[in-house]
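Here the structure comes first, spelled out in structure tokens, and everything after it is commentary.
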Amino acid sequence: LGMAAPAALQRSVVSPAGRHTASLIFLHGSGDTGQGARAWIKQILNQDMAFQHIKVIYPTAPARPYTPMKGAYSNVWFDRYKIYNDCPEHIESIDSMCRGLTDLINDEVKNGIAKNRIVIGGFSMGGGMAMHLAYRFHQDLAGVFALSSFLNKDSAVYQALKRNESALPELFQCHGTADELVLYSWGEETNKMLKSLGVSASLHTFPNLHHELNRTEIEKLKSWIVKKLPVEASKAN
């Protein structure tokens with residue numbers, strides 16, 4: 001029978017106020033949870049990040065041993081040898097999580113949401129995960145966002161895009177210049193590499209912002225999401 005199917009990811013969901021015609025998947029940073037990411041954004045905005053027609057899904061990464069924490073268990077999307085842009089990727093853990101997150105995308109498709117009506121992204125490690133998921137396995141999504149994120153220098157994402165011919169989802173990237181964990185230069189280099197490989201990518205720079213989110217950034221993200229996932233005109237029956 002092979003391996004058991006991975007358990008469905010736990011998730012915190014903000015339902016749309018009106019008819020659900022699009023979905024947004026937000027992946028938290030390392031050590032956080034879907035509930036935690038949602039609460040953090042809610043604290044910054046003084047309300048949930050909510051939309052008229054877009055369902056917002058905050059999944060939680062399963063706990064696993066995490067090498068940068070000396071093998072202690074943490075809610076991380078994948079393992080890393082170290083938090084550095086110049087080392088190899090832990091591709092086995094990345095690929096197994098791509099399968100779990102594909103199930104989440106497929107759940108939305110089963111609910112009648114086309115893949116070009118789904119945006120995926122996240123903060124820090126969540127943004128890195130989203131780039132792997134979209135640019136390697138789901139190039140028909142509406143868009144990708146990466147906040148304070150990076151890809152390793154020799155990323156499997158770059159390898160996949162070198163061989164790619166099809167149209168790619170647009171990337172919305174934000175990064176603080178004062179980020180001491182994921183250096184601004186790593187985010188900038190990721191942006192340049194993806195652009196050179198045919199991704200339409202923007203990079204929004206936030207002076208003096210550390211490894212964190214702020215209100216201006218989330219408002220900008222919300223505007224971009226609505227541009228990628230506009231309200232559909234009511235379909236006449």
Side-chain angles (χ1 to χ4, degrees), residues 8-17 20-62 74-78 94 97-98 100-109 111 113 115-135 137-138 141-151 169-176 182 187 202 204 206 209 211-229:
L9 296 167
Q10 290 186 320
R11 53 198 91 164
S12 178
V13 174
V14 182
S15 298
H20 174 209
T21 65
S23 297
L24 163 65
I25 299 169
F26 189 105
L27 306 179
H28 63 73
S30 58
D32 201 355
T33 61
Q35 197 66 46
R38 175 183 173 177
W40 187 22
I41 289 174
K42 190 172 181 171
Q43 182 197 342
I44 295 168
L45 294 177
N46 293 318
Q47 59 185 34
D48 266 315
M49 177 164 69
F51 302 89
Q52 189 61 32
H53 60 297
I54 305 168
K55 173 179 169 186
V56 185
I57 305 163
Y58 296 95
T60 295
S74 186
N75 293 89
V76 288
W77 298 109
F78 49 86
I94 292 174
M97 190 48 65
C98 282
L101 287 164
T102 292
D103 291 343
L104 186 63
I105 291 171
N106 289 341
D107 283 349
E108 293 309 292
V109 173
N111 288 331
I113 305 301
K115 281 178 75 183
N116 66 1
R117 296 283 295 164
I118 300 173
V119 159
I120 185 156
F123 174 72
S124 194
M125 175 186 260
M129 186 74 233
M131 291 186 276
H132 274 273
L133 188 65
Y135 293 121
F137 301 105
H138 298 281
L141 291 170
V144 186
F145 62 92
L147 315 174
S148 313
S149 307
F150 74 104
L151 290 170
E170 185 187 324
L171 176 68
F172 177 92
Q173 220 181 324
C174 295
H175 216 115
V182 175
S202 58
H204 303 268
F206 291 84
L209 185 70
H211 194 64
E212 59 191 344
L213 296 171
N214 74 11
R215 186 169 184 139
T216 314
E217 179 182 15
I218 297 170
E219 296 291 2
K220 266 197 166 133
L221 173 64
K222 282 186 72 173
S223 308
W224 177 80
I225 288 166
V226 173
K227 198 175 87 209
K228 290 281 112 189
L229 302 173

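Computed from a predicted model, the values in this text were never measured in an experiment.
- Heavy-atom neighbours of E219 CD from other residues, nucleotides or ligands within 6.0 Å: above the threshold of 12.
- Side-chain contact between E217 and E212 is absent, with no heavy-atom pair separated by less than 4.5 Å.
- The nearest pair of heavy atoms linking A130 to G121 is CB-CA, 3.5 Å.
- Contact record, G31 with S74: CA-OG, 3.4 Å, taken as the closest heavy-atom pair.
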Take H53 and R117 through the test side-chain contact (heavy atoms from CB on, under 4.5 Å) and record every step on the way to the result. CA-CA 11 Å; H53 60 297; R117 296 283 295 164; 3.7 Å; yes

Criterion side-chain contact (heavy atoms from CB on, under 4.5 Å) on M125 and V76, from CA distance to verdict: CA-CA 8 Å; M125 175 186 260; V76 288; 3.7 Å; yes

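- A donor-acceptor contact shorter than 3.5 Å is absent between the side chain of H204 and the backbone of L221.
- For the atom pair CD1 of I105 and CD1 of I25, the computed distance is 5.0 Å after rounding to the nearest 0.5 Å.
- M129 is not listed as a side-chain neighbour of S149, based on a closest heavy-atom distance of 4.5 Å or more.
- N111 CG to K55 NZ: the interatomic distance, rounded to the nearest 0.5 Å, is 5.0 Å.
- Residues K220 and F145 fail the side-chain proximity criterion, which asks for heavy atoms closer than 4.5 Å.
- Minimum heavy-atom separation, G29 to S124: CA-CB, 4.4 Å.
- Going from atom CG of L24 over to atom CD1 of I57 covers 8.0 Å, rounded to the nearest 0.5 Å.
- Put simply, the side chain of Q52 does not reach to within 4.5 Å of the side chain of V226, judged on heavy atoms.
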How far apart are the C-alpha atoms of V14 and Y58, what are their side-chain angles, what is the distance that settles it, and do they pass the side-chain contact (heavy atoms from CB on, under 4.5 Å) test? CA-CA 8 Å; V14 182; Y58 296 95; 4.0 Å; yes

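- R38 contributes a side-chain N or O that, together with a main-chain N or O of V13, makes up a donor-acceptor pair within less than 3.5 Å.
- In this structure, F123 and W40 have perpendicular ring planes: the angle between them is above 60°, well past the 30° mark.
- The two residues V56 and M49 make their nearest non-hydrogen contact at CG2-O, 3.6 Å.
- S202 contributes no side-chain N or O that, together with a main-chain N or O of F172, makes up a donor-acceptor pair within less than 3.5 Å.
- Not a single donor-acceptor pair under 3.5 Å links the side chain of H28 to the backbone N or O of S30.
- The distance from the CG atom of L27 to the OG1 atom of T60 is 10.5 Å, given to the nearest 0.5 Å.
- Looking only at distances, no side-chain donor or acceptor of W77 sits under 3.5 Å from a matching main-chain atom of C98.
- At least one donor-acceptor pair under 3.5 Å links the side chain of N75 to the backbone N or O of A61.
- For the pair H175 (side chain) and V182 (backbone), a donor-acceptor distance under 3.5 Å is present.
- Considering every non-hydrogen atom in both L104 and P59, the closest pair reads CD2-CG, 3.6 Å.
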Do R215 and N46 pass the side-chain contact (heavy atoms from CB on, under 4.5 Å) test, and can you show the C-alpha distance, the side-chain angles, and the key distance before you say yes or no? CA-CA 10 Å; R215 186 169 184 139; N46 293 318; 3.7 Å; yes

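- The distance from atom CG of L229 to atom CH2 of W224, rounded to the nearest 0.5 Å, is 8.0 Å.
- Rounded to the nearest 0.5 angstrom, R11 CZ and D107 CG are separated by 5.0 Å.
- Closest non-hydrogen pair, S148 versus H211, comes out as O-CE1, 3.5 Å.
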